[in-house]
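Following: one structure in C-alpha coordinates, then a few remarks.
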Amino acid sequence: MNDLSTAPKPEGDRPARQRKPDWIRVKAPTGKGYHETRQLMRGLDLTTVCEEAACPNIGECWEKKHATMMILGDVCTRACAFCNVKTGMPRIVDPLEPENVATAAATMGLEHIVITSVDRDDLPDGGAGHFVKVIQAIRRATPNTTIEILTPDFRGKMRAAVEAICEAGPDVYNHNLETVPRLYPTIRPGARYYASLRLLEEVKSHDPLIFTKSGIMLGLGEQRLEVHQVMDDMRSADVDFMTMGQYLQPTPKHANVEEFVTPKAFTAFGSIARAKGFLQVASSPLTRSSYHAGDDFAEMKASREAKLAKGRARTGG
(Lines give C-alpha, C1' and ligand atoms only; values in the text may rest on other atoms or scores of the structure.)
Protein backbone atom coordinates (compact mmCIF):
# COMPACT_ATOMS: atom_id res chain seq x y z
CA MET A 1 0.00 0.00 0.00
CA ASN A 2 1.39 3.36 -1.00
CA ASP A 3 1.59 6.23 1.44
CA LEU A 4 0.65 8.64 -1.33
CA SER A 5 -2.73 8.43 -3.03
CA THR A 6 -2.78 6.86 -6.46
CA ALA A 7 -6.24 8.25 -7.21
CA PRO A 8 -6.71 10.58 -10.18
CA LYS A 9 -7.09 14.25 -9.48
CA PRO A 10 -10.64 15.54 -8.99
CA GLU A 11 -12.31 17.28 -11.88
CA GLY A 12 -14.26 20.21 -10.52
CA ASP A 13 -16.08 19.30 -7.31
CA ARG A 14 -16.65 15.68 -8.28
CA PRO A 15 -13.79 13.14 -8.11
CA ALA A 16 -13.13 11.09 -11.21
CA ARG A 17 -13.99 7.41 -11.01
CA GLN A 18 -11.16 4.99 -11.51
CA ARG A 19 -11.07 2.09 -13.91
CA LYS A 20 -11.10 -1.14 -11.96
CA PRO A 21 -8.03 -3.34 -12.39
CA ASP A 22 -8.42 -6.80 -13.87
CA TRP A 23 -8.17 -8.56 -10.53
CA ILE A 24 -11.47 -7.17 -9.25
CA ARG A 25 -13.58 -7.39 -12.36
CA VAL A 26 -16.37 -9.95 -12.18
CA LYS A 27 -18.84 -11.30 -14.68
CA ALA A 28 -22.45 -10.11 -14.64
CA PRO A 29 -24.77 -12.64 -12.95
CA THR A 30 -26.72 -14.74 -15.44
CA GLY A 31 -27.07 -18.32 -14.12
CA LYS A 32 -30.20 -20.25 -13.24
CA GLY A 33 -29.30 -20.38 -9.53
CA TYR A 34 -28.93 -16.61 -9.44
CA HIS A 35 -32.41 -16.04 -10.84
CA GLU A 36 -33.96 -18.65 -8.53
CA THR A 37 -32.40 -16.97 -5.50
CA ARG A 38 -33.61 -13.57 -6.67
CA GLN A 39 -37.14 -14.92 -7.17
CA LEU A 40 -37.13 -16.42 -3.67
CA MET A 41 -36.03 -13.13 -2.08
CA ARG A 42 -38.74 -11.20 -3.92
CA GLY A 43 -41.42 -13.79 -3.11
CA LEU A 44 -40.67 -13.55 0.62
CA ASP A 45 -40.30 -9.76 0.51
CA LEU A 46 -36.75 -10.00 1.84
CA THR A 47 -33.90 -7.53 1.44
CA THR A 48 -30.32 -8.67 0.90
CA VAL A 49 -27.11 -6.78 1.50
CA CYS A 50 -25.86 -8.47 -1.68
CA GLU A 51 -28.13 -6.15 -3.68
CA GLU A 52 -28.32 -3.08 -1.46
CA ALA A 53 -24.55 -2.80 -1.01
CA ALA A 54 -23.86 -3.67 -4.67
CA CYS A 55 -21.62 -6.59 -3.72
CA PRO A 56 -19.35 -7.70 -6.57
CA ASN A 57 -19.73 -11.36 -5.52
CA ILE A 58 -23.51 -11.53 -5.91
CA GLY A 59 -23.38 -13.65 -9.07
CA GLU A 60 -21.14 -16.31 -7.54
CA CYS A 61 -22.97 -16.45 -4.20
CA TRP A 62 -26.52 -16.43 -5.53
CA GLU A 63 -25.68 -19.07 -8.11
CA LYS A 64 -24.78 -21.30 -5.14
CA LYS A 65 -28.01 -20.31 -3.34
CA HIS A 66 -26.17 -18.24 -0.72
CA ALA A 67 -27.57 -14.85 0.25
CA THR A 68 -26.94 -12.47 3.15
CA MET A 69 -30.22 -11.22 4.60
CA MET A 70 -30.51 -7.57 5.56
CA ILE A 71 -33.23 -7.20 8.18
CA LEU A 72 -35.02 -4.15 9.61
CA GLY A 73 -35.74 -2.67 6.19
CA ASP A 74 -33.64 -1.16 3.43
CA VAL A 75 -33.33 2.43 4.74
CA CYS A 76 -30.53 3.33 7.14
CA THR A 77 -30.54 6.13 9.70
CA ARG A 78 -26.80 6.73 9.11
CA ALA A 79 -25.03 8.15 6.05
CA CYS A 80 -21.60 6.52 5.84
CA ALA A 81 -19.46 7.74 2.96
CA PHE A 82 -18.70 4.22 1.68
CA CYS A 83 -22.15 2.62 1.81
CA ASN A 84 -24.69 2.27 -0.99
CA VAL A 85 -27.70 1.62 1.28
CA LYS A 86 -30.40 4.31 1.21
CA THR A 87 -30.43 6.87 4.02
CA GLY A 88 -33.54 8.40 5.55
CA MET A 89 -36.43 7.62 7.87
CA PRO A 90 -37.05 3.84 7.84
CA ARG A 91 -40.44 2.16 7.62
CA ILE A 92 -41.98 0.26 10.52
CA VAL A 93 -40.39 -3.10 11.25
CA ASP A 94 -41.98 -6.01 9.37
CA PRO A 95 -43.30 -8.49 11.99
CA LEU A 96 -43.27 -11.30 9.40
CA GLU A 97 -39.59 -10.86 8.58
CA PRO A 98 -38.17 -13.37 11.14
CA GLU A 99 -40.34 -16.20 9.81
CA ASN A 100 -39.65 -15.21 6.21
CA VAL A 101 -35.90 -15.28 6.81
CA ALA A 102 -36.24 -18.71 8.42
CA THR A 103 -38.29 -19.92 5.45
CA ALA A 104 -35.61 -18.70 3.04
CA ALA A 105 -32.89 -20.47 5.03
CA ALA A 106 -34.85 -23.72 4.96
CA THR A 107 -35.77 -23.43 1.27
CA MET A 108 -32.17 -22.80 0.24
CA GLY A 109 -30.92 -25.54 2.56
CA LEU A 110 -28.38 -23.23 4.17
CA GLU A 111 -25.85 -24.83 6.48
CA HIS A 112 -24.64 -21.35 7.49
CA ILE A 113 -26.56 -18.10 7.25
CA VAL A 114 -25.41 -14.49 7.63
CA ILE A 115 -27.87 -11.87 8.93
CA THR A 116 -27.07 -8.17 8.87
CA SER A 117 -29.13 -4.98 9.13
CA VAL A 118 -29.30 -1.29 8.51
CA ASP A 119 -28.70 1.06 11.43
CA ARG A 120 -31.98 1.77 13.23
CA ASP A 121 -31.18 4.63 15.59
CA ASP A 122 -34.93 5.40 15.58
CA LEU A 123 -35.76 2.23 17.55
CA PRO A 124 -35.49 2.16 21.37
CA ASP A 125 -33.29 -0.96 21.26
CA GLY A 126 -31.61 -0.20 17.94
CA GLY A 127 -33.26 -3.29 16.46
CA ALA A 128 -31.61 -5.80 18.82
CA GLY A 129 -34.95 -7.42 19.67
CA HIS A 130 -35.59 -8.09 15.99
CA PHE A 131 -32.20 -9.80 15.64
CA VAL A 132 -33.25 -12.03 18.55
CA LYS A 133 -36.53 -12.93 16.85
CA VAL A 134 -34.75 -13.78 13.60
CA ILE A 135 -32.23 -16.02 15.37
CA GLN A 136 -35.02 -17.79 17.25
CA ALA A 137 -37.06 -18.31 14.07
CA ILE A 138 -34.09 -19.86 12.26
CA ARG A 139 -33.36 -22.15 15.22
CA ARG A 140 -36.96 -23.41 15.08
CA ALA A 141 -37.02 -23.91 11.30
CA THR A 142 -33.51 -25.26 10.66
CA PRO A 143 -31.86 -26.11 14.00
CA ASN A 144 -28.67 -27.36 12.35
CA THR A 145 -28.00 -24.10 10.50
CA THR A 146 -25.17 -22.12 12.05
CA ILE A 147 -25.96 -18.43 12.41
CA GLU A 148 -23.66 -15.48 11.84
CA ILE A 149 -24.86 -11.96 12.58
CA LEU A 150 -23.35 -8.67 11.46
CA THR A 151 -24.80 -5.92 13.63
CA PRO A 152 -24.58 -2.14 13.79
CA ASP A 153 -22.98 -0.48 16.82
CA PHE A 154 -26.28 0.12 18.70
CA ARG A 155 -25.11 3.62 19.60
CA GLY A 156 -26.15 4.60 23.12
CA LYS A 157 -27.73 1.22 23.86
CA MET A 158 -24.90 -1.19 23.09
CA ARG A 159 -24.59 -3.20 26.30
CA ALA A 160 -28.27 -4.17 26.58
CA ALA A 161 -28.42 -4.93 22.86
CA VAL A 162 -25.35 -7.17 22.91
CA GLU A 163 -26.59 -8.99 26.01
CA ALA A 164 -29.97 -9.75 24.43
CA ILE A 165 -28.45 -10.96 21.16
CA CYS A 166 -25.81 -13.09 22.85
CA GLU A 167 -28.53 -14.77 24.94
CA ALA A 168 -30.18 -15.83 21.67
CA GLY A 169 -27.00 -17.77 20.86
CA PRO A 170 -25.57 -16.83 17.45
CA ASP A 171 -22.52 -18.85 16.45
CA VAL A 172 -20.61 -15.83 15.09
CA TYR A 173 -20.98 -12.19 16.10
CA ASN A 174 -19.57 -9.80 13.51
CA HIS A 175 -19.26 -6.05 13.80
CA ASN A 176 -17.04 -4.28 11.28
CA LEU A 177 -14.62 -1.51 12.22
CA GLU A 178 -14.65 -0.62 8.48
CA THR A 179 -11.54 1.59 8.44
CA VAL A 180 -8.71 3.03 10.53
CA PRO A 181 -9.49 5.52 13.34
CA ARG A 182 -8.06 8.55 11.48
CA LEU A 183 -10.59 8.19 8.67
CA TYR A 184 -13.71 7.84 10.83
CA PRO A 185 -14.75 11.53 10.67
CA THR A 186 -15.06 11.39 6.87
CA ILE A 187 -15.80 7.70 6.17
CA ARG A 188 -17.92 6.64 9.16
CA PRO A 189 -19.00 9.92 10.78
CA GLY A 190 -21.94 8.51 12.72
CA ALA A 191 -19.80 5.96 14.56
CA ARG A 192 -16.86 5.89 16.94
CA TYR A 193 -13.92 3.53 16.49
CA TYR A 194 -13.40 2.73 20.16
CA ALA A 195 -17.12 2.26 20.74
CA SER A 196 -17.07 -0.44 18.06
CA LEU A 197 -14.08 -2.08 19.73
CA ARG A 198 -15.94 -2.04 23.05
CA LEU A 199 -18.89 -3.79 21.42
CA LEU A 200 -16.64 -6.64 20.29
CA GLU A 201 -15.13 -6.83 23.77
CA GLU A 202 -18.62 -6.90 25.29
CA VAL A 203 -19.59 -9.93 23.20
CA LYS A 204 -16.61 -11.92 24.48
CA SER A 205 -17.25 -10.72 28.03
CA HIS A 206 -20.83 -11.98 27.86
CA ASP A 207 -20.07 -15.28 26.13
CA PRO A 208 -16.43 -16.24 25.41
CA LEU A 209 -17.58 -19.16 23.23
CA ILE A 210 -19.20 -16.97 20.57
CA PHE A 211 -16.78 -16.42 17.71
CA THR A 212 -16.21 -12.72 17.02
CA LYS A 213 -15.38 -11.26 13.65
CA SER A 214 -14.56 -7.83 12.27
CA GLY A 215 -13.33 -6.35 9.03
CA ILE A 216 -11.93 -3.30 7.32
CA MET A 217 -11.86 -1.96 3.78
CA LEU A 218 -8.56 -1.04 2.15
CA GLY A 219 -8.03 1.63 -0.46
CA LEU A 220 -9.52 4.59 1.41
CA GLY A 221 -6.19 6.27 2.10
CA GLU A 222 -5.09 4.30 5.15
CA GLN A 223 -1.39 3.74 5.90
CA ARG A 224 0.23 0.33 6.42
CA LEU A 225 1.06 0.95 10.07
CA GLU A 226 -2.51 2.10 10.70
CA VAL A 227 -3.77 -1.24 9.38
CA HIS A 228 -1.30 -3.06 11.63
CA GLN A 229 -2.60 -1.07 14.60
CA VAL A 230 -6.18 -2.05 13.79
CA MET A 231 -5.05 -5.69 13.81
CA ASP A 232 -3.52 -5.18 17.26
CA ASP A 233 -6.66 -3.45 18.52
CA MET A 234 -8.82 -6.32 17.28
CA ARG A 235 -6.59 -8.88 18.96
CA SER A 236 -6.71 -6.87 22.20
CA ALA A 237 -10.51 -7.22 21.96
CA ASP A 238 -10.03 -10.98 21.40
CA VAL A 239 -11.51 -10.90 17.89
CA ASP A 240 -11.20 -14.34 16.29
CA PHE A 241 -11.63 -13.57 12.60
CA MET A 242 -10.45 -10.57 10.57
CA THR A 243 -11.52 -9.75 7.02
CA MET A 244 -9.87 -7.28 4.64
CA GLY A 245 -11.24 -6.36 1.21
CA GLN A 246 -10.95 -3.65 -1.41
CA TYR A 247 -13.23 -0.64 -1.07
CA LEU A 248 -15.17 -0.01 -4.28
CA GLN A 249 -16.92 3.30 -4.84
CA PRO A 250 -20.67 2.64 -5.31
CA THR A 251 -21.43 5.98 -6.99
CA PRO A 252 -19.54 9.24 -7.71
CA LYS A 253 -21.22 10.73 -4.62
CA HIS A 254 -19.45 8.29 -2.31
CA ALA A 255 -15.89 8.38 -0.98
CA ASN A 256 -13.29 8.11 -3.69
CA VAL A 257 -11.04 5.07 -4.08
CA GLU A 258 -7.61 6.32 -3.09
CA GLU A 259 -5.83 3.14 -4.13
CA PHE A 260 -6.54 -0.24 -5.68
CA VAL A 261 -4.55 -2.47 -3.38
CA THR A 262 -2.84 -5.34 -5.19
CA PRO A 263 -3.54 -9.03 -4.45
CA LYS A 264 0.09 -9.35 -3.36
CA ALA A 265 -0.39 -6.61 -0.76
CA PHE A 266 -3.57 -8.26 0.51
CA THR A 267 -1.68 -11.54 0.88
CA ALA A 268 1.01 -9.76 2.89
CA PHE A 269 -1.56 -8.16 5.19
CA GLY A 270 -3.17 -11.56 5.66
CA SER A 271 0.14 -13.12 6.67
CA ILE A 272 0.75 -10.40 9.23
CA ALA A 273 -2.75 -10.83 10.68
CA ARG A 274 -2.28 -14.59 11.03
CA ALA A 275 1.03 -14.01 12.80
CA LYS A 276 -0.79 -11.79 15.29
CA GLY A 277 -2.95 -14.72 16.37
CA PHE A 278 -6.32 -14.55 14.61
CA LEU A 279 -8.00 -17.94 14.28
CA GLN A 280 -9.09 -17.05 10.76
CA VAL A 281 -8.13 -14.35 8.24
CA ALA A 282 -9.68 -13.54 4.87
CA SER A 283 -7.71 -10.97 2.88
CA SER A 284 -8.17 -10.39 -0.83
CA PRO A 285 -9.55 -7.66 -3.10
CA LEU A 286 -12.97 -9.35 -3.35
CA THR A 287 -13.23 -10.36 0.31
CA ARG A 288 -16.46 -9.22 1.94
CA SER A 289 -17.84 -9.95 5.41
CA SER A 290 -20.09 -12.78 4.28
CA TYR A 291 -18.09 -14.07 1.29
CA HIS A 292 -17.45 -17.81 1.78
CA ALA A 293 -18.66 -17.33 5.37
CA GLY A 294 -19.76 -20.93 5.81
CA ASP A 295 -16.42 -22.41 4.75
CA ASP A 296 -14.58 -19.84 6.84
CA PHE A 297 -16.68 -20.70 9.90
CA ALA A 298 -15.82 -24.39 9.58
CA GLU A 299 -12.10 -23.55 9.31
CA MET A 300 -12.28 -21.15 12.27
CA LYS A 301 -14.02 -23.76 14.41
CA ALA A 302 -11.37 -26.33 13.49
CA SER A 303 -8.62 -23.81 14.31
CA ARG A 304 -10.05 -23.21 17.77
CA GLU A 305 -10.34 -26.94 18.45
CA ALA A 306 -6.76 -27.51 17.33
CA LYS A 307 -5.55 -24.63 19.50
CA LEU A 308 -7.39 -26.00 22.55
CA ALA A 309 -6.07 -29.51 21.93
CA LYS A 310 -2.53 -28.15 21.70
CA GLY A 311 -3.01 -26.30 24.98
CA ARG A 312 -4.29 -29.45 26.71
CA ALA A 313 -1.36 -31.45 25.40
CA ARG A 314 1.09 -28.83 26.66
CA THR A 315 -0.40 -28.87 30.18
CA GLY A 316 -1.05 -32.60 30.25
CA GLY A 317 -4.81 -31.98 30.64
Side-chain angles (χ1 to χ4, degrees), residues 1-20 24 47-58 68 70 72-90 116-122 126-127 150-156 174-197 199 214-224 226-227 229-230 233-234 242-261 266 285-291:
M1 182 179 301
N2 297 324
D3 289 346
L4 297 176
S5 169
T6 58
K9 299 299 181 182
E11 297 178 4
D13 294 330
R14 177 172 292 186
R17 298 194 72 181
Q18 291 173 277
R19 181 178 174 83
K20 295 176 183 176
I24 54 174
T47 303
T48 69
V49 75
C50 320
E51 297 168 287
E52 300 302 318
C55 180
N57 303 315
I58 187 171
T68 298
M70 191 169 80
L72 293 165
D74 61 356
V75 178
C76 187
T77 53
R78 307 274 178 94
C80 295
F82 63 86
C83 185
N84 198 46
V85 175
K86 295 190 291 286
T87 300
M89 179 53 67
T116 189
S117 81
V118 291
D119 279 282
R120 290 297 301 260
D121 297 315
D122 59 310
L150 170 54
T151 76
D153 60 9
F154 299 115
R155 185 173 61 196
N174 186 359
H175 174 67
N176 286 331
L177 294 182
E178 306 292 9
T179 189
V180 300
R182 176 176 58 84
L183 297 179
Y184 261 57
T186 54
I187 301 302
R188 201 176 174 220
R192 300 294 179 269
Y193 179 81
Y194 291 103
S196 286
L197 271 178
L199 182 149
S214 189
I216 62 171
M217 301 168 289
L218 302 184
L220 284 163
E222 66 288 330
Q223 308 280 320
R224 282 191 184 90
E226 290 179 310
V227 176
Q229 184 61 55
V230 171
D233 291 343
M234 285 188 186
M242 181 180 188
T243 63
M244 288 172 276
Q246 172 70 49
Y247 166 68
L248 298 175
Q249 184 185 37
T251 75
K253 295 185 296 184
H254 289 81
N256 196 34
V257 176
E258 296 297 329
E259 180 183 1
F260 284 111
V261 181
F266 271 104
L286 289 175
T287 290
R288 298 295 183 268
S289 291
S290 55
Y291 190 44

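We're numbering straight along the sequence, starting at 1.
- Listed for the Q249 side chain is a donor-acceptor partner under 3.5 Å among the backbone atoms of H254.
- A heavy-atom distance below 4.5 Å is not found between the side chains of E178 and I187.
- Between P152 and D119, the shortest heavy-atom distance links the atoms CB-OD1, 2.9 Å.
- Annotation: side-chain hydrogen bond (donor to acceptor under 3.5 Å, both in side chains) contacts of S196 (sequence neighbours excluded): H175, R188.
- Taking F266 as the reference, nothing meets the ring pair (Phe, Tyr, Trp, His ring centres under 6.0 Å) condition, with sequence neighbours excluded.
- A donor-acceptor contact shorter than 3.5 Å is absent between the side chain of E226 and the backbone of R224.
- Although no hydrogens or angles enter the test, the distance criterion places no donor-acceptor pair under 3.5 Å between the side chain of Y247 and the main chain of N256.
- Residues satisfying the side-chain contact (heavy atoms from CB on, under 4.5 Å) test with Q229, not counting sequence neighbours, are D232, D233.
- Listed by chain and residue number, R78 satisfy the side-chain hydrogen bond (donor to acceptor under 3.5 Å, both in side chains) test with D153 (two or more places apart in sequence, or in another chain).
- L150 is listed as a side-chain neighbour of N176, based on a closest heavy-atom distance under 4.5 Å.
- A side-chain donor-acceptor contact under 3.5 Å links T77 to the backbone of D121.
- Not counting sequence neighbours, R192 has no partner by the side-chain hydrogen bond (donor to acceptor under 3.5 Å, both in side chains) test.
- Taking every heavy atom of both residues into account, C83 and P250 meet most closely at C-CG, 4.5 Å.
- Under the 3.5 Å distance criterion, the side-chain polar atoms of R155 are left unmatched by any main-chain donor or acceptor of A195.
- The two residues V180 and V227 have their closest heavy-atom pair at CG1-N, 4.2 Å.
- Once rounded to the nearest 0.5 Å, the distance linking CD of Q223 with CZ of R182 reads 5.5 Å.
- The CG atom of L218 sits 8.5 Å away from atom CD of E259, with the distance rounded to the nearest 0.5 Å.
- The side-chain contact (heavy atoms from CB on, under 4.5 Å) check on P181 picks up Y193, V230, with sequence neighbours excluded.
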*Kindly determine whether T251 and N84 satisfy side chain to side chain contact (heavy atoms under 4.5 Å, CB included), including the steps that lead there.*
CA-CA 8 Å; T251 75; N84 198 46; 3.8 Å; yes

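- Between R120 and V75, the shortest heavy-atom distance links the atoms CD-O, 4.3 Å.
- You'll find the side chain of T287 stays beyond 4.5 Å of the side chain of M244, heavy atoms only.
- Here the shortest heavy-atom pairing between S214 and M234 reads OG-CE, 3.6 Å.
- In this structure, I216 and T179 have side chains that are not in contact, with every pair of non-hydrogen atoms separated by 4.5 Å or more.
- Residues D122 and P90 approach most closely at OD1-CG, 4.0 Å, considering heavy atoms.
- How far CZ of F154 is from OG of S117: 6.0 Å, rounded to the nearest 0.5 Å.
- Proximity of L197 to L177: side-chain heavy atoms (C-beta onward) are separated by under 4.5 Å at one or more points.
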